[in-house]
Every structure is written in C-alpha cells, then in structure tokens.
Amino acid sequence: MTTQAMPTVAARVAGAVKVYGTGDTAVRALDGVDVSFAAGRFTAIMGPSGSGKSTLMHCAAGLDTLTSGAAYIGDTELGGLDDRRLTRLRRDRIGFVFQAFNLVPTLTVAENITLPLDLAGARGEPAWIETLIDVVGLRDRLAHRPSELSGGQQQRVAVARALAGQPDVVFADEPTGNLDSRSGQEVLGLLGHAVHTLGRTVVMVTHDPVAAAHADEVVFLADGRLVDRMPAPSAERVLDRMKHLDAPGTGAVQAAGGTLEARS
Ligand SMILES: Nc1ncnc2c1ncn2[C@@H]1O[C@H](COP(=O)(O)OP(=O)(O)O)[C@@H](O)[C@H]1O
Ligand SMILES: [Mg+2]
C-alpha cells in the first residue's frame, strides 16, 4: 500500500466517442478518449484545429452527449441523468468561460457575477463573492454594463461568474481567444490564481502554447485521440510537441511536398 493518496478526480471521460452526423458525412470528433482531470489542478487541452478539443470539453461538461462511452463529474455519470438533473448539475457543480465572454448586456458587472446564483435561487457565500470581486480587480466597475468594459475586463467578469457558485470544476474554451496578449495574460493569471490560491479546478481548451504553459499539465489531442500528456509544461516544449502533431506524416507534410513538386 502506498501512503500517497490518489488525487481526487473532478471530471473524467472513459471510452469517449463522439460522432457528428451519419453516413458519408459522419465525423468522428472523439475516437475513444480516456482522460481524467484532477481536482485542484489547472489542466489545458491542446491540439490542432479540429482535433476535438471543444467536443471533449462540451461532452465532459454535460453541454453535449457522447455517442458512446461515459462522462463523469466527480462520481456522477452524466449519461444517467435526465435533462432536469443534468441542468441542475451544470448549474450547481460546473462553471463555464467561453471565448465570447457571454455576459448579459443589460445587467451590471455585479449582477452578471451573481447571475448563476440568482437563477439557482441561491445566495452564495457573500465572503467568497467579495473575495472574487477583489481577485478579478473589478470593485470599481461593479455598477458598469459589459459594453463599458474592455474585452479583458469582460472576461474577468466571466471568470468571476464561473467561480461564484464554488463549482467543482470550471471549463474554459479558448478563454483568451478574443483578447490581446496582455489581457490574455491577466485572464490566465486569474485562472491560475483560482486553482493555486483559491483551491479550485480548471480545465481549459486552448491552441496557444503560451496559454497552455499556465496550466499544471497539458493533455494533447490529435484526430479525436489523446496522444500525450505533459506535466509542468513550458511554452517552448508545448510548441515543439504541437509541431509534431501538426505534421502527422500525412495531410500537412504530403500536401507541402505536393506543392513543392508541383512548383519544381
Ligand atoms: N456540431 C457539429 N456538427 C458536425 N461536425 C462537428 C460539429 N462540431 C464539431 N464538428 C467536427 O468535429 C471535429 C472536432 O471539432 P472540435 O471539437 O470543434 O475541434 P477543436 O475544438 O479542436 O477545433 C471537427 O472535424 C469538426 O468539424
Ligand atoms: Mg474548439
């Protein structure tokens, strides 16, 4: 027996297959993925465009359903839940951050942050909300509307909103995709702080090696399969790994060769 406890798993998928469409036009977006996301860790999902990153996140978070296999939040298998229970699980146990911020334009910053709690009829923990407001640095913007904020500020509101209910896991899909690099760094710093100081769990989809380097671990997808994991990533090593994923010896390389041949 080892004395080291197994890390608690916040979310996982097992044998995850997702097929979009049928017949000739069917796309196998996930082709048998097994991956778990440890609680209290910041994990990045990396891979080329179209490799299945968003699909994996959406299925792991109960926003979409698997064709076969299973997705779990903690010990709860999502496929076993009816719509009402699934909605409640997403509301109570998962936070979301999207590339496009998705704030409600008619609500103030303060109202946007507590919206998930208000919808749930929950009060939340006032001290936690106060902490979040300070952590995201928006105390002097609480009465503002999203249109009065920069993109980076809007995404910081979205991060606070995702954390407001103290969810088991926050899923973020390309959260820096619409931001300049400085605002992006702020948002990434915030997600890291949420994990390393506030003890939350974050799973972030990105195709940016610099963003992925903020995570504790990177998992790599290619063609709907999990192909590698990298603990303690650096942007350089992630970039290097990605170069090999982008040139799998088929598509990109052959196409490039074909172009050269055609020109010579
Ligand atoms: N709703 C959908 N209908 C049909 N095909 C889809 C749908 N969503 C994604 N796909 C396809 O599934 C594959 C994986 O997509 P996605 O998970 O969005 O990749 P990524 O986020 O890594 O760019 C791609 O080939 C994409 O075109
Ligand atoms: Mg995507």
Side-chain angles (χ1 to χ4, degrees), residues 11-37 42-71 73 78-79 83 86 90 94-102 151 155 158-159 162 169-179 184 187-188 191 202-215 217-230 233 235 238-255:
R12 71 184 172 100
V13 299
V17 172
K18 177 67 177 182
V19 179
Y20 290 111
T22 52
D24 286 352
T25 58
V27 175
R28 210 171 171 83
L30 295 178
D31 192 15
V33 175
D34 294 280
V35 67
S36 46
F37 303 109
F42 186 0
T43 308
I45 302 172
M46 278 287 284
S49 179
S51 57
K53 304 183 295 296
S54 293
T55 302
L56 174 60
M57 192 203 101
H58 290 156
C59 291
L63 293 172
D64 201 350
T65 54
L66 291 167
T67 306
S68 64
I73 296 295
L78 304 186
D83 280 352
L86 189 58
R90 277 198 305 259
I94 305 178
F96 294 97
V97 181
F98 297 100
Q99 185 171 345
F101 320 141
N102 294 9
Q155 195 64 309
V159 170
V169 50
V170 170
F171 287 101
D173 193 355
E174 307 271 9
T176 60
N178 277 344
L179 302 179
V187 166
L188 292 162
L191 293 171
V202 173
V203 178
M204 172 181 74
V205 168
T206 181
H207 65 265
D208 175 5
V210 175
H214 283 257
E217 182 175 26
V218 180
V219 301
F220 292 89
L221 284 184
D223 295 328
R225 297 207 176 118
L226 188 81
V227 291
D228 204 1
R229 303 187 73 134
M230 182 187 289
V238 171
L239 182 62
D240 192 53
R241 190 70 188 80
M242 285 295 291
K243 278 183 190 152
H244 295 97
L245 293 183
D246 273 327
T250 55
V253 170
Q254 277 179 11

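Start at 1 with the first residue, then count along the sequence. Every number for a ligand or one of its atoms is a count from 1 in the order of the listing.
The closest donor-acceptor contact from the side chain of Lys18 to the backbone of Leu56 lies at 3.5 Å or more, if one exists at all. The backbone N or O of Gly184 sits nowhere less than 3.5 Å from a side-chain atom of Gln155 that would complete a donor-acceptor pair. Using a distance-only test at 3.5 Å, with no hydrogens or angles considered, a donor-acceptor pair links the side chain of Thr25 to the main chain of Thr22. Here the side chain of Thr67 pairs a donor or acceptor atom with the backbone of Val19 at under 3.5 angstrom. Of the possible polar contacts, none joining the Lys53 side chain to the Asp173 backbone as a donor-acceptor pair under 3.5 Å is found. Remark: the backbone N or O of Cys59 is not paired with any side-chain donor or acceptor of Asp64 at under 3.5 angstrom.
Rounding to the nearest 0.5 angstrom, the gap separating the CE atom in Met204 from the CG atom in Leu191 is 7.0 Å.
Sorted by chain and number, the protein atoms of type N, O or S within less than 2.8 Å of the Mg ion (ligand 2) are Ser54 OG.
Each of Val205, Val202, Val203 was evaluated against Phe171; a single residue qualifies, Val203, per the side-chain contact (heavy atoms from CB on, under 4.5 Å) test.
In summary, Lys243 and Asp240 do not engage in a salt bridge, as defined by a charged side-chain N under 4.0 Å from a carboxylate O.
Around ligand 1 you find Tyr20, Val27, Ala29, Pro48, Ser49, Gly50, Ser51, Gly52, Lys53, Ser54, Thr55, each with a heavy-atom distance below 4.0 Å.
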